[in-house]
Each structure stands twice: as C-alpha cells, then as structure tokens.
Student: 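Sharing a structure here in structure tokens format.
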Amino acid sequence: MNTYQVIYDIVRQIPYGQVATYGQIADLAQLYGKARLVGYALYRVDMQNSDIPWHRVINAKGEVSESPLRYGTDYLQRSLLEAEGIEFSPEGKVDLRKYLWRPGGE
DNA sequence: TCATTGACCAAGG
DNA sequence: TCCTTGGCCAATG
C-alpha cells in the first residue's frame, strides 16, 4: 500500500454532504503533520476520471483552496459541494462545525 | 542525482 | 487579525 493509496482510500470514505480537512486526512492516513502530502496527492489525482470525491477535501480554515494551476477547477469544487447541500459563508467559507466529517462518529 | 515545488498547518511578530 | 517562517515528504525536470 503506497502512501497515496491510503490517502485516496480515506478520501473515498468521506460521506455525502460532509467535508474533511487536509490535516484530518493526513491524520487518518497516519501522516501526522504531513498534510502537504495530502494536498499534493490530490493535486496529482485525475479529477476528471477518478472516482475520488476530491471536492470534499478542503483546508483547515474551511475554505476551498484555489490555485492558478487548477485552471478553475476550484469553482467546480464549490459547485459540487453546494450540490451536496453544503452552504458557503459570504466569505466563501464552509461551516466546519456542521459539515466536518467525523470518522467513526457517524 | 540534485534542486525546486506543491490543493497545508501551526506558531510567532 | 493578517502576514511571514519553518517543517514535512514525494514527484518532476
């Protein structure tokens, strides 16, 4: 099992209508303090063809991370989240208190 | 093979 | 409250 495979496996476990932070995923993947790998892994994932709900992964601030390298897929991510019933604050932030995924807590 | 980079996070100024 | 700095690991050129 490669490091990335673990990350992908966890991301696939994020339930509908909920989100998880990079640090949280890193924690579940036993990559304590290495949240960058999570972001890097998702950056390398094929967003178009993969079956990974990459749009449910956001940063610790509850915002959708955008980057010029993603050619506007950040907008797509926001749309997908809204389609799942997740609300965005006027500042473009998500209410982690309500939508943050709690592994095992259900 | 070495150096740079990249969707982050937490702490300090 | 916002911006800067350091640390972490893997992939790319």
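We name chains A, B, ... by the order of the sequence lines, and we start the count at 1 in each one. As the structure is a prediction and not an experimental result, all values here were calculated from the model.
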Student: Strictly under 4.0 angstrom, non-hydrogen atoms only: write out the protein contact profile of nucleotides 1-10 of chain C, one letter per nucleotide from the 5' end, B, S or -.
Tutor: ------BBBB
Student: Check the distance between dC8(B)'s P and I58(A)'s CD1 and give it to me in whole angstrom.
Tutor: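 I58(A) atom CD1 is separated from dC8(B) atom P by 12 Å.
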Student: In the single-linkage hydrophobic clustering (I, L, V, M, F, W, Y; side-chain heavy atoms under 4.5 Å), do L80(A) and L100(A) co-cluster?
Tutor: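 No, L80(A) does not connect to L100(A) through the hydrophobic network.
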Student: Over how many whole Å does the gap from L42(A) atom CG to dA7(B) atom P extend?
Tutor: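 Atom-to-atom, L42(A) to dA7(B), this comes out as 12 Å.
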Student: Starting from C1' on dC8(B), measure out to NZ on K61(A) and report it in whole angstrom.
Tutor: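 To the nearest whole Å, that distance equals 9 Å.
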Student: Check whether any side-chain heavy atom of Q77(A) lies under 4.5 Å from a side-chain heavy atom of I58(A), and answer yes or no.
Tutor: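 They are in contact (side-chain heavy atoms under 4.5 Å apart), so the answer is yes.
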Student: Would you say the side-chain atoms of D9(A) and Q5(A) include a donor-acceptor pair closer than 3.5 Å?
Tutor: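 No, Q5(A) and D9(A) have no side-chain donor paired with an acceptor closer than 3.5 Å.
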Student: How long is the line joining CG of L28(A) and P of dC9(B), in whole Å?
Tutor: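 Atom-to-atom, L28(A) to dC9(B), this comes out as 14 Å.
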Student: Taking the side chain as every heavy atom from C-beta outward, state whether R56(A) and V11(A) have any atom pair closer than 4.5 Å.
Tutor: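 Of all side-chain heavy-atom pairs linking V11(A) with R56(A), none is under 4.5 Å.
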Student: Could you tell me the separation between the CG atom of D74(A) and the P atom of dC8(B), rounded to a whole number of Å?
Tutor: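 From D74(A) CG to dC8(B) P: 12 Å.
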Student: So L28(A) and Q13(A), do their side chains get closer than 4.5 Å, heavy atoms only?
Tutor: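 No, their side chains stay 4.5 Å or more apart.
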Student: Between P on dA10(B) and OH on Y22(A), what's the gap in Å once rounded to a whole number?
Tutor: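 Going from OH in Y22(A) over to P in dA10(B) covers 14 Å.
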Student: Can you measure from CH2 (W101(A)) to CD1 (I14(A)) and round to the nearest 0.5 angstrom?
Tutor: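 So the CH2 of W101(A) and the CD1 of I14(A) are separated by 6.0 Å.
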Student: Taking CZ from R44(A) and C1' from dC8(B), how many angstroms apart are they, rounded to a whole number?
Tutor: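 The answer, rounded to whole Å, is 16 Å.
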